[in-house]
Amino acid sequence: MSHPQITRETATIRFAGDSGDGMQLTGSQFTNTTALLGNDLSTFPDFPAEIRAPAGTVAGVSGFQIQFGSRAIHSPGDSCDVLVVMNAAALKANIKHLRTGGIIIANLDGFGKKDLSLARYKAEADPLLEVQTTGYTVVPVDVTKLTRASLVDSGLTVKDIDRCKNMFVLGIVYWLYSRSMDPTIDFLSKKFAKKPDLANANIKALKDGYTYGNATQLFSERYMLEPARIESGTYRNITGNEATVLAITAAGQTSKLPVFLGSYPITPASDILHGLSKMKHFGVTTFQAEDEIAAVTSAIGAAYGGSLALTTSSGPGIALKTEAITLAMMYELPLVIINVQRAGPSTGMPTKTEQADLLQAVYGRAGESPIVVLAAASPADCFDVTYQACQIALEHMIPVMMLSDGYIANGAEPWRFPNSDTLPPIHVSFAKPRKEDDEPFMPYSRNEAFVRPWAIPGTKGLEHRIGGLEKEHGTGNISYDSDNHQIMTTMRENKRNAVADRLPLLQMEEGEPTGDLLVIGWGGTLGSIKQAVMETRALGHKVSQIHLRQLAPFPKNLGEILGGFKNILVPEINSGQLVRLLRDQYHVPAKGFNRVRGIPFTVEELKNAFINEVN
Amino acid sequence: MSHPQITRETATIRFAGDSGDGMQLTGSQFTNTTALLGNDLSTFPDFPAEIRAPAGTVAGVSGFQIQFGSRAIHSPGDSCDVLVVMNAAALKANIKHLRTGGIIIANLDGFGKKDLSLARYKAEADPLLEVQTTGYTVVPVDVTKLTRASLVDSGLTVKDIDRCKNMFVLGIVYWLYSRSMDPTIDFLSKKFAKKPDLANANIKALKDGYTYGNATQLFSERYMLEPARIESGTYRNITGNEATVLAITAAGQTSKLPVFLGSYPITPASDILHGLSKMKHFGVTTFQAEDEIAAVTSAIGAAYGGSLALTTSSGPGIALKTEAITLAMMYELPLVIINVQRAGPSTGMPTKTEQADLLQAVYGRAGESPIVVLAAASPADCFDVTYQACQIALEHMIPVMMLSDGYIANGAEPWRFPNSDTLPPIHVSFAKPRKEDDEPFMPYSRNEAFVRPWAIPGTKGLEHRIGGLEKEHGTGNISYDSDNHQIMTTMRENKRNAVADRLPLLQMEEGEPTGDLLVIGWGGTLGSIKQAVMETRALGHKVSQIHLRQLAPFPKNLGEILGGFKNILVPEINSGQLVRLLRDQYHVPAKGFNRVRGIPFTVEELKNAFINEVN
Amino acid sequence: MEATLTSKDFASDQDVRWCPGCGDYTILKQVQSVMPDLGIPRENIVFVAGIGCSSRFPYYMNTYGMHTIHGRAPAIATGLKISRPDLSIWMITGDGDALSIGGNHIIHALRRNVDMNILLFNNEIYGLTKGQYSPTSRPGSVTKSTPMGSLDHPFNPLSLALGADAGFVARAMDRDPKHLNQMLLRSAQHEGTSFLEIYQNCVVFNDGTFDLYTDKVSRPGSALYLEHEKPMIFGENRDKGVRLDGLRPEVVTLGDGVSQEDLWIHDEHDAVKAYILSRFFAVGNEDGFPRPFGVLFESKRPAYDKQVAAQMAAAKTRHGAPDLDALLKGNETWTVA
Amino acid sequence: MEATLTSKDFASDQDVRWCPGCGDYTILKQVQSVMPDLGIPRENIVFVAGIGCSSRFPYYMNTYGMHTIHGRAPAIATGLKISRPDLSIWMITGDGDALSIGGNHIIHALRRNVDMNILLFNNEIYGLTKGQYSPTSRPGSVTKSTPMGSLDHPFNPLSLALGADAGFVARAMDRDPKHLNQMLLRSAQHEGTSFLEIYQNCVVFNDGTFDLYTDKVSRPGSALYLEHEKPMIFGENRDKGVRLDGLRPEVVTLGDGVSQEDLWIHDEHDAVKAYILSRFFAVGNEDGFPRPFGVLFESKRPAYDKQVAAQMAAAKTRHGAPDLDALLKGNETWTVA
Ligand SMILES: Cc1ncc(C[n+]2csc(CCOP(=O)(O)OP(=O)(O)O)c2C)c(N)n1
Ligand SMILES: Cc1ncc(C[n+]2csc(CCOP(=O)(O)OP(=O)(O)O)c2C)c(N)n1
Ligand code: SF4
Ligand code: SF4
Ligand SMILES: [Mg+2]
Ligand SMILES: [Mg+2]
């Protein structure tokens, strides 16, 4: 039989199941396939907090959401059109994410007595029936039985067969959204190259799922989405942490410097360490230190030696690094600190996202300790911002903190990756050797941008000592002189602020340079704010948007842009941090819109907030 | 012969010599004597950076300045009327502190060839002559020779005799300012009770110095100062660190709690550890930990166990404590963190003063981590503010950071010490034991001030677990729920802000609640700002002053007071920190007056700044 | 009534969140079952842990408990014990928590000899952060952060503890509950810091590292169970032994001329011998020596917290009742009318 | 031309700011005088120190130098050495800097065996902060922070280093420049982390703690100078020796039946014997054993930095020339027209 095929502009699907059900893989396969079909998309993995919470429990549910479409997509979607649940716990944990009237594809075999009790449903409950009565469309499928049937001759153990369940479901969803199975078939053949029987089993499950969707009366219609009219070029999918790894590796190549990462594992930053540990052939050394203090200080040692030196961490680890970051600032050596923010304070909710480390980044050190602070706005943007962080650190001899967050670090989006020779050059020149009768070397002399020379060990005649004690302007010798302390304090501040001179002016993200409301965001909220601004503008409101990647120093024209608006709203996933910096530095009555819930903004809540402001 | 005796309202004397010359002792003796005579006073010790820099060098010079008078004294004086120099290096290092036309009492024997070269004067130079020609009065005294002569029969070694030099000089100065020698004679007899010959020698040197001043033509006149008309009562002298030690001990007594200090030595905070280590009989335990992290975390352990728990440090050490402070904030346990600020950043200038850790105190933690921040305004004020810090921490179950600085920590002033029964009571009640059938215990339930119960181990039926992971409102169980995270984040902030409700409203420090200029200070700058404001007002300007001891939360009526002024100036020994908090929170166009020179403000520079603002 | 407590009374109401099959479960069970034997009221027991899978432990004990921050549990426990010597303190930590970030606090706790029981769950991996190598991982370990194999020479935790002057050093394993139970009891009985390393299997990221010792078949030949004043015997048929000639230990086969009397008689109180035993540490016992389990070393040193209390008592007798007013007044005062 | 360098060439132009009579001066002198013998160009030498009086050291050396932050020098030096194996790294630290706040970094540096020379200036006190006790201060030390005497059991630095698997462990003293000079040379020659403890007198806050060993009169009877493959002899008239019966060392008098052949012959490569020697540690030698000076232990373990370099080389040969564009492209791409 054939089903009517409906064209949609966007669609959102959420795959949810037990940690063991392979939902992340299912999601990423759907993502790749969809990307290859030319849709724009945005994804959001929703991991359980525990490594492997007991199977079948709500705590053990793992989810993956993707929004894709034939127009530009800026967020993974507030709620989904289709929710795939592999067991009762998955339904319980995720029903709140399904839009009213949405479709639930449920694996019936995951709703047995045991499953219900593990999910803390009453024994007599029939959750699927309940949700049906509340206006959702439930599509029950005996996934386990069907997969076992389909693979009965595979010669695999039941355990292995059940591992193919997710491919069967993926097949159904591919059919429903008219996706080709080829990319996944390729992937499976590659992945299981050494185990052809597993490859074949997975592929068969996938195909049988597809056929099943087609053959049955499960669905009254199926959907298709045109390729998106997005910037032409060659794309790949990328997560924020992957993009960060590539940017660091690239900066090492363009600066022709060895790269040194001193790090200590911590969620959600660890993947940067993992990724860079595979880049040895690019001259990248990764050092897993005994703690965060050793991580950052080992990087400082490497910076003195002439490496592009970095350290990566998250909240609790960054706190431990502050004393050393101040030392690097005092040394005036290049150092990149990457903070993949997570929900805090303290251990907080390590697997959840937040952007509450901004004030710590800008102000969180003893004494007057100005450093550069940048923030990435999306997964792909992590590449540009990280690369820029390396460039600034190296060319200005200053620590740069780059803020990412758990949401963009693990989230993925299509990336029009650059060609290596289009990357901005990074100019590093070490101080030249000195002969006996040359002028004495001045390690703390400065150029017009207040930058001191980088003189690395091994350079004849430049032997010098650096330290955390106040230094005499020019010579760098220890000095307790009052006037000198004032001079050096001012120099360090001027040097940080001078970085703004070399950075591009801020452009409007959306809307005109004047209007009724200016929305200012920073970091990983770009997508949802942009979508909300566009939808608010579509309603005819004069709302404009700027998004800050440069938090210290601010872009030179920020004050000017602020001047164009009486009303300024600053949405942040914290209790109000950027808004404080703006009020302090520009004396504007900026308001905050703040949520601290460990999850991204919904486009809906933002839209309502904006409309509120303009009415 | 007799000298005319001139009455002065104030006088400033600076004693300067080699570290080995005992100038600090000389200064503190002059201070005690002067205090006993009923003058108000303020002192400033100026230690060398090195433990014992080579004798005779400028680096080895140790100084002590005291301003005293028959009126209220608020600062140790911008410049001194009399400068005592025991050697050439002392002159070189301190001449800048002498007011034009001032008197130099110089130990001639400290100006030999060797002394000149050690002080890096040219061999042929005659620095005393030079300064004389530039309008200073030089009073040369062969202190060494005279002391040796006076003690020739003492039977002491030359080394011991030379140790009495400072007493000879003190004698001269006592004569010059008409001070009694008795207090110092008492002191010496007590100090050398076991070594009568040393006692007698020092006393004889003192008396002979006094006689020498009287007998000779050295001075054309001598001075006397009436007792000050200051608040009546019984006074003692006290430094900021001493006052801090007493406050902590007192808070332990009034709260009836054992006191636990976890600390790691660091300049200029170490003396608090030293002082408290002598308070064991008051139930004070001091633990010198392996590092600052162990210091603060050991205190957190003690807080969980029911102690009044504290940790003390300075810049670099505070930075290391931030992760743990955030944990204490998340635990909602009482903890007092004392930061005796020093000139930073990094190792900076450990023996110099600064107030550049305010923004770190308020914002320097990962995530939304609100704590209470207080600052002491003078040496004696360290008692009140530290005591209040303990009271707030205990009664509100929250970390309180108390900011002191190297200047008030080591500086001394007269203190009208309280009677123990006038101290504010501290109300601590631990949660009561629970019986099997009682309601379940809710460790994160809250009272009207958002404060949770303090349930200490050993209490039957209250067994509970606390952690740094986000906690469920009420039960305190681990929770990853989005709404709960928002609730708890808000609760923690409300709780911190609710502390303002129990604190007294802010009073004007000087002047009327409206006027042309409001000067706002915080911390150790109170004295010099107050003096400068008074002198500016004396010129007829409408300048008022408030001084903040409460930096987070701010006093409830601060906004109201700010409303009374169009011009607001915020003098700080940093690059502008309080001024940022004010602009952010009260949207006022406050200006900063900032110096970062490692030394206190001079009254002069402040006065000029104020006049500038009102003209 | 404490006497009537059962292991169930020590289980909290929180559901345990370790991976199915994790070695932590059996350790939790043994700790809960040993608690009643201590005869300590539940409210006087505190479990203090750092951060890690293992460090979730306190949430599962129905006693007082602190889940702290990574690596700092020894310092927190030290502060708690010094200020509350009446409490029974159990510190739970992992190989990363204790020996990577927490290494300094551990060695200082050991030298000070604060009276607490440290249980180090060694799974030779970072579990909670999903599988990076730890300071106890074997050289060449391929982990998330070492795709080409780790280069770090690992710590020998027991040698390190002995070098830091630990007063009680022992080893147990998750898969031998009976022995583990005894070791927990011994740790509790020791006054001062007890350092008990427990081999713990991480089924997800480092499955089977300790099979040689935990597998019922290979265990007899690879694990040497130490007993005070008993000869060192092991082997399926208990036919192997360890002999000391001078400083050099050697593995011998009983029978043919070698009798039990010739064997090394274990002496828990001999620091040097304990150190030699701690060096039976070759990966896979490649040097032929069995891996020792049990109490390698115990010595009587005064507990730090007791000394602190004694010093305070001395100060109080010396100064008599505290006089706050005298303190506030100080030595020199003057009065302004 | 390096060959022609003299110790003067290694003195910087900064004036030395230690207290007159401080032991640091003589150590500085020996370090400066040993430098030319290394035949390493001055620009390839880096001195890295923490914070403390001793840690001011780099300012006085006319080489590259880093005065860092308290306790972190081992980690900074590790990062520098891993990224620049061509440099000769000297790490200067004090007993507080190395063993109090820096304890963790030290033991990790030792186990990793990064090729650097650690000189630990042990004066058993915090000098720079004006006299608090340190982790090596003797029990009962009355200091600024312990008016009634310290209660902490001190570290035995050499035992701790051995427990942490240090590859080179030695001891010297400020007042025996000739021997100190040899030890500095030996440290430099060792590949991997060299751990040299130097007894250093703090004239101001802990004067004379080491007189028993440094005083010319008492030294012969109290200090045991170790030499590889030589019998252990000491005493004014070199009439005393150390003998090993089994595991038990004992002090014997030569003559009456005891000859040099009977004595313990020092073997630098025996870890267990080195550990026994490190335990000759009684305050004032009260147990009768002399305090050993010289190289207690040396072993050949691959240096961490060399292994890191080798692994990177292997990766490069495996992957060939790095292709940045291929990396940026990744495996799956699609093109939008
Ligand atoms: C300051 C800080 N750094 C890093 C982390 C991340 N982290 C949590 S647990 C852990 C290591 C866990 O390994 P281990 O101690 O062996 O415990 P296990 O999970 O293996 O039981 C790390 C690196 C953290 N939570 N805090
Ligand atoms: C983070 C930090 N904590 C504390 C200090 C203060 N401090 C400086 S040196 C030192 C200890 C010095 O003792 P040691 O390492 O033995 O060196 P010594 O002065 O005896 O040579 C301390 C506690 C500091 N500078 N930084
Ligand atoms: S990851 Fe390993 S250690 Fe952690 S719970 Fe799972 S099995 Fe246990
Ligand atoms: S205080 Fe002690 S260690 Fe420091 S310089 Fe002076 S004598 Fe040397
Ligand atoms: Mg582990
Ligand atoms: Mg020392």
Side-chain angles (χ1 to χ4, degrees), chain A residues 32 35-38 183 227-228 230-238 246 249-250 253 258 260 262 279-283 285 287 289-291 293-295 297-302 304-307 309 323-324 327 417-420 457-469 477-478, chain D residues 12-14 17 41-48 51 58-59 61-84 86-87 104-105 107-108 308 311-312 314-322 324-325 327-337:
Chain A
N32 290 343
L36 292 172
L37 289 177
I230 49 178
E231 225 177 326
S232 68
T234 309
Y235 287 77
R236 66 173 287 187
N237 239 316
I238 197 150
L246 295 187
T249 310
Q253 295 291 301
F260 181 93
M279 301 294 167
K280 295 186 173 55
H281 53 295
F282 282 93
T285 301
F287 173 59
E290 55 270 26
D291 64 14
I293 299 175
T297 48
S298 65
I300 291 172
Y304 185 65
S307 289
E323 186 203 7
L327 178 71
F417 56 92
N419 194 311
S420 67
T459 317
K460 212 167 177 40
L462 302 190
E463 293 81 2
H464 68 287
R465 279 67 53 191
I466 61 178
L469 288 161
N477 295 332
I478 299 175
Chain D
S12 78
D13 60 353
Q14 300 296 298
R17 289 277 174 83
R42 207 165 48 184
E43 64 271 19
N44 290 353
I45 299 171
V46 186
F47 277 78
V48 182
I51 298 284
Y59 290 115
M61 295 295 300
N62 189 6
T63 63
Y64 283 88
M66 303 178 82
H67 184 224
T68 70
I69 42 179
H70 197 32
R72 316 306 175 184
I76 292 189
T78 295
L80 180 55
K81 181 65 181 181
I82 295 176
S83 60
R84 290 292 305 275
D86 57 312
L87 301 175
N104 201 32
H105 308 303
I107 59 177
H108 280 270
V308 171
Q311 198 173 54
M312 179 175 288
K316 284 177 170 168
T317 40
R318 181 185 305 174
H319 292 86
L324 182 55
D325 281 303
L327 181 69
L328 295 173
K329 192 165 185 298
N331 306 331
E332 278 174 299
T333 68
W334 65 94
T335 304
V336 176

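This structure is a prediction, so every number in the text was calculated from the model and none was measured. Every chain is numbered from 1, with letters handed out A, B, ... down the list of sequences. Keep in mind that the numbers below use all heavy atoms, side chains included, and drop hydrogens, waters and symmetry copies.
Using a 4.5 Å cut-off between heavy atoms, D/Leu87 contacts chain A through its side chain alone, with no backbone atom that close. Contacts between A/Leu327 and chain D at a heavy-atom distance below 4.5 Å involve the side chain alone, from C-beta outward. Proximity to chain D (any heavy atom under 4.5 Å) is shown, for A/Ala295, by neither the backbone nor the side chain. Neither the backbone nor the side chain of A/Leu37 comes within contact range of chain D; no heavy atoms are under 4.5 Å apart. Heavy-atom distances place no part of A/Pro258 under 4.5 Å from chain D, backbone and side chain included. For chain D, the nearby part of A/Phe287 is the side chain; its heavy atoms alone come within less than 4.5 Å. Proximity to chain D involves both the backbone and the side chain of A/Asn419, based on heavy atoms less than 4.5 angstrom apart. Within the 4.5 angstrom heavy-atom criterion, atoms from both the backbone and the side chain of A/Tyr235 approach chain D. Heavy atoms closer than 4.5 Å to chain D are found in both the backbone and the side chain of A/Ala35.
Nearest approach of A/Ser307 to D/Ser83, heavy atoms of both residues: OG-CB, 3.6 Å. Here the shortest heavy-atom pairing between A/Gln253 and D/Pro322 reads OE1-CG, 4.1 Å. The shortest non-hydrogen separation linking A/Arg236 to D/Thr333 is CB-CG2, 4.3 Å. In terms of heavy-atom proximity, A/Leu469 sits nearest to D/Tyr59 at CD1-OH, 4.0 Å. Heavy-atom minimum distance, D/Leu328 versus A/Pro418: CD1-O, 3.5 Å. Listed here is the closest heavy atom pair of A/Gly301 and D/Leu80: O-CD1, 3.3 Å.
D/Arg42 places no side-chain N or O within donor-acceptor distance of the main-chain N or O of A/Gly461, the cut-off being under 3.5 Å. Looking at A/Arg465, its side chain does come within 3.5 Å of a backbone N or O of D/Met61 through a donor-acceptor pair. The main-chain N or O of A/Ser420 is found under 3.5 Å from a side-chain atom of D/Asp325 such that the two form a donor-acceptor pair.
Side-chain contact between A/Met279 and D/Leu327 is present, with at least one heavy-atom pair separated by less than 4.5 Å. With a 4.5 Å cut-off on side-chain heavy atoms, A/Glu290 and D/Asn104 count as touching. Using a 4.5 Å cut-off on side-chain heavy atoms (C-beta onward), A/Asn477 and D/Gln14 make contact.
Among A/Gly283, A/Ala228, A/Pro227, A/Gly262, the residue making the largest number of heavy-atom pairs under 4.5 Å with chain D is A/Gly283. For the set A/Ile293, A/Ile238, A/Thr249, the entry with the most heavy-atom pairs within less than 4.5 Å of chain D is A/Ile293. Note on A/Ala250, A/Gly306, A/Gly468: by heavy-atom pairs under 4.5 Å with chain D, the leading option is A/Ala250. The residue among A/Ile230, A/Leu246, A/Leu36 with the most heavy atom pairs within less than 4.5 Å of chain D is A/Leu36.
A/Phe260 pairs by the ring-ring contact (aromatic ring centres under 6.0 Å, His included) definition with nothing, not counting sequence neighbours. Listed by chain and residue number, A/His464 satisfy the ring-ring contact (aromatic ring centres under 6.0 Å, His included) test with D/Tyr64 (two or more places apart in sequence, or in another chain).
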Test side-chain contact (heavy atoms from CB on, under 4.5 Å) on A/Asp291 and D/His108 and set out the steps.
CA-CA 10 Å; A/Asp291 64 14; D/His108 280 270; over 6 Å; no
Quick one: do A/Thr459 and D/Glu43 satisfy side-chain contact (heavy atoms from CB on, under 4.5 Å)? Show the steps, please.
CA-CA 6 Å; A/Thr459 317; D/Glu43 64 271 19; 5.8 Å; no
Any chance you could lay out the side-chain contact (heavy atoms from CB on, under 4.5 Å) test for D/Val336 and A/Glu231, step after step, and finish with the verdict?
CA-CA 7 Å; D/Val336 176; A/Glu231 225 177 326; over 6 Å; no
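With no hydrogens or angles considered, no side-chain donor-acceptor pair links A/Asn237 and D/Glu332 at under 3.5 Å. Counting only N and O atoms by type, the side chains of A/Glu463 and D/Asn62 include no donor and acceptor under 3.5 Å apart.
Taken from CZ in D/Arg72 to CD in A/Glu323, the straight-line distance is 6.0 Å, to the nearest 0.5 Å.
D/Asn331 CG: 12 or fewer foreign heavy atoms inside a 6.0 Å radius.
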